[in-house]
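Below: the structure, in structure tokens.
Letters A, B, ... mirror the listed sequences (proteins, then strands); counts begin at 1.
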Number of protein chains: 2
Amino acid sequence: MSTVSLSDQAVHRPRRLVLAGMEGCTNCAACEVRGHGVCSALADKELERLSRAAVKVTVPAGHMFIEEGSDAHDFFNVTGGTVKLFKSLPDGRRQITGFVGVGHFLGLAVSDHYAFGAESVEQVQLCRFSRTKLETLMEEFPSIERRLLAEAANELVAAQDQMLLLGRKTAHERVASFLYGRLVEKYGEHIPPVADILLPMTRADIADFLGLTVETVSRTFSRLRREHLIGVGAGQDIHIPSVSRLEAIGSGDG
Amino acid sequence: MSTVSLSDQAVHRPRRLVLAGMEGCTNCAACEVRGHGVCSALADKELERLSRAAVKVTVPAGHMFIEEGSDAHDFFNVTGGTVKLFKSLPDGRRQITGFVGVGHFLGLAVSDHYAFGAESVEQVQLCRFSRTKLETLMEEFPSIERRLLAEAANELVAAQDQMLLLGRKTAHERVASFLYGRLVEKYGEHIPPVADILLPMTRADIADFLGLTVETVSRTFSRLRREHLIGVGAGQDIHIPSVSRLEAIGSGDG
DNA sequence: ATAATTTCTTGACCTATATCATTGTCCCGA
DNA sequence: TCGGGACAATGATATAGGTCAAGAAATTAT
């Protein structure tokens, strides 16, 4: 509980907030994620227009705000917190297809139904657009479309990496890959050689992301600890003494 | 040997054709895949321009034409045959991330290197564009961009399905899903209740796609045959007496 | 045709990971 | 401060699918 706690004061507000709890949108130009996500592609004039189409939403931890198969009315841009995306089988088996953080875009649907569900891992801020409005905006500002295409290409690359992980990596490699991925999410290109991460998600979420069981994830963390590849601090705080070593294991260079 | 054999006469042409064997582009307006893929988004005038940027390439079976990590100079549009896309680990473990057929687009790279390799499963026709030229064309014709975004969204949905498969389905379900997917590729929305498919890929390819071994794939085909869920004809020809039953198994409704 | 080669199938056995069960730990609320 | 419920760790055991091995079938080359 250290990193994201800046807004903790605000958290003490009652939790009754239900899905679709929303406040009228503030100002996109002053938005904290200006420079990330869809918005980074936009000039001031375009942002002005975007403002009017967007609604800021706060979702408390552990709330599903996109239900698999429901009507795809909206697009979202994550402006705070971490979201998990998932698909499920009828008997409850679940695959988390990604954890997405600040700046990421969410809701590209091919039909008029969402092909996946989305749930907040921790308290999350979203910027919501109606699909129809966004489509209108795209007509007007092709730069939005370009930005969306770039985002989609990125996600596609990530998805391919994840397929390699799920199809061909061992549990040891999967967990190492996962931790390395979290470092990339946190630091971008410039990952320090020694680093720390705070994992907001549970072991069960990690298991559902890596195609493993909770027990295997737990055992694998223990193994990595025994091997001094990670230090598990209090709570969810993970210390990584050698990022390069971790990365090597995650990419199959044992 | 029944379904795709229409073009079998043409196949007897010599096989010596090497990679990058190309003919000057013909006419996109008369192209057999006009109406599919990127091209379907284009008006005649746009197609005319596209023609000049495109080069038709024929690749014989089993040739790698995109090497993982190589410089991403080109985009491709598949105009004939089936291509496999894959990622590998240093020790040779491989994950096929998709089989793509006629009309599909290929080469969306996020950096200037391809994040995946591509190899022809059977003899393949490609329409090749230089990335820089395509970028210029996108500036001029936003409809191309729109079409690309739609394609990317589609692939993303497919990728998520595949993650669910790789992370959470049994071998039985995986093979059933795979066969159903082939039906979707062949028939689109309108799959007949009883159908046939011809699989151009080997068991090893199927295994690398499903995150299994060749032996497990083979055993699972045998099991499906025993269960009368498929009929394996001569060669690669698969008969599916109940598409709905197969689909149910593939989606986890045993 | 026939040999050589690749692909496919099947069997015997093994191992990585799943499953089941227990205990410990950490929150949060009263 | 205590108690309940989620979360996590770990041990014992089971199993789906992997590995190794051999032969059959299909494909390609001579």
Side-chain angles (χ1 to χ4, degrees), chain A residues 1-2 5 8 11-12 14-16 60-62 91-95 121-123 165-176 198-208 210-226 230 232-238 254, chain B residues 1 5 8 11-16 60-62 91-95 121-123 165-176 198-226 230 232-238 252 254:
Chain A
M1 291 279 148
S2 66
S5 51
D8 266 8
V11 172
H12 295 303
R15 302 276 166 74
R16 285 151 220 135
D91 63 2
R93 281 174 288 172
R94 195 178 63 152
Q95 179 64 38
V121 166
E122 49 193 337
Q123 180 176 290
L165 179 149
L166 292 169
R168 291 303 184 209
K169 289 185 186 176
T170 65
H172 199 229
E173 290 164 344
R174 289 181 202 207
V175 174
L198 192 126
L199 301 176
M201 66 289 287
T202 66
R203 296 286 186 268
D205 283 340
I206 298 173
D208 281 345
L210 298 180
L212 300 169
T213 58
V214 193
E215 294 92 331
T216 299
V217 170
S218 194
R219 281 188 244 273
T220 306
F221 270 100
S222 299
R223 173 173 168 197
L224 291 171
R225 182 151 34 80
R226 250 182 285 120
I230 64 172
V232 179
Q236 324 284 37
D237 218 338
I238 308 279
Chain B
M1 293 278 150
S5 50
D8 267 6
V11 172
H12 295 303
R13 183 188 323 153
R15 305 275 165 75
R16 280 148 224 139
D91 63 2
R93 280 174 288 172
R94 196 177 62 153
Q95 179 64 38
V121 167
E122 50 194 337
Q123 180 176 290
L165 179 149
L166 292 169
R168 292 302 183 210
K169 290 185 185 176
T170 65
H172 199 229
E173 290 164 345
R174 289 180 201 207
V175 174
L198 190 125
L199 302 175
M201 67 289 287
T202 65
R203 295 286 186 267
D205 284 340
I206 298 172
D208 281 346
F209 182 56
L210 299 180
L212 301 169
T213 58
V214 193
E215 293 92 330
T216 300
V217 170
S218 192
R219 281 188 245 275
T220 307
F221 269 101
S222 298
R223 175 173 166 196
L224 291 171
R225 182 150 34 79
R226 250 182 284 120
I230 64 172
V232 179
Q236 323 284 36
D237 218 338
I238 308 280

Specify the separation, in whole Å, of atom [atom1] of [X] and atom [atom2] of [N].
| X | N | atom1 | atom2 | value |
| --- | --- | --- | --- | --- |
| A/E122 | D/dC7 | CD | C1' | 17 Å |
| B/M201 | C/dT7 | CE | C1' | 15 Å |
| A/L224 | D/dA9 | CG | C1' | 14 Å |
| A/D91 | C/dA18 | CG | C1' | 15 Å |
| A/L210 | C/dA18 | CG | C1' | 15 Å |
| A/E173 | C/dA16 | CD | P | 12 Å |
| B/Q236 | D/dT27 | CD | C1' | 10 Å |
| B/R223 | C/dG11 | CZ | P | 15 Å |

| query | End-to-end bend of the helix from C/dA1-D/dT30 to C/dA30-D/dT1 (five-pair axes, 10° rounding)? | reply | 50°

Atom pairs, N/O to N/O, protein against nucleotides 13-15 of chain D, distance under 3.5 Å?
none

| Sequence-aligned protein contact record of nucleotides 16-23 of chain D, with B where the base is within under 4.0 Å of a protein heavy atom and S where only the sugar-phosphate is | -SSBB---

| request: Start with the C-alpha gap between A/L166 and A/Q95, add the side-chain angles, then the distance that decides, and say whether side chain to side chain contact (heavy atoms under 4.5 Å, CB included) holds. | output: CA-CA 10 Å; A/L166 292 169; A/Q95 179 64 38; 3.7 Å; yes

| Quick check: does any side chain N or O of A/R203 sit under 3.5 Å from a backbone N or O of A/E215, one acting as donor and the other as acceptor? | no

| query | A/R168 side chain to B/R93 main-chain N or O, any donor-acceptor pair under 3.5 Å? | reply | no

| said: Using 0.5 Å steps for rounding, measure from the CG atom of B/L212 to the OG1 atom of B/T220. | reply: 6.5 Å

| task | Rounded to the nearest 0.5 Å, what's the gap from OG1 on A/T213 to CZ on A/R219? Could you check? | result | 7.0 Å

| said: Closest approach to the side chain of A/S218, judged atom by atom: which nucleotide of D/dT10, C/dT9, D/dC7 is it? | reply: D/dT10

| message | Is there a side chain to side chain contact (heavy atoms under 4.5 Å, CB included) between A/D205 and A/R94? Walk through the geometry before answering. | response | CA-CA 9 Å; A/D205 283 340; A/R94 195 178 63 152; 3.2 Å; yes

| note | Result for side chain to side chain contact (heavy atoms under 4.5 Å, CB included) between A/I238 and one of A/L199, A/L224, A/L198 points to A/L199

| request: Could you give me the CA-CA distance, side-chain angles and deciding distance for A/M201 and A/I206, then say whether side chain to side chain contact (heavy atoms under 4.5 Å, CB included) is met? | output: CA-CA 7 Å; A/M201 66 289 287; A/I206 298 173; 3.6 Å; yes

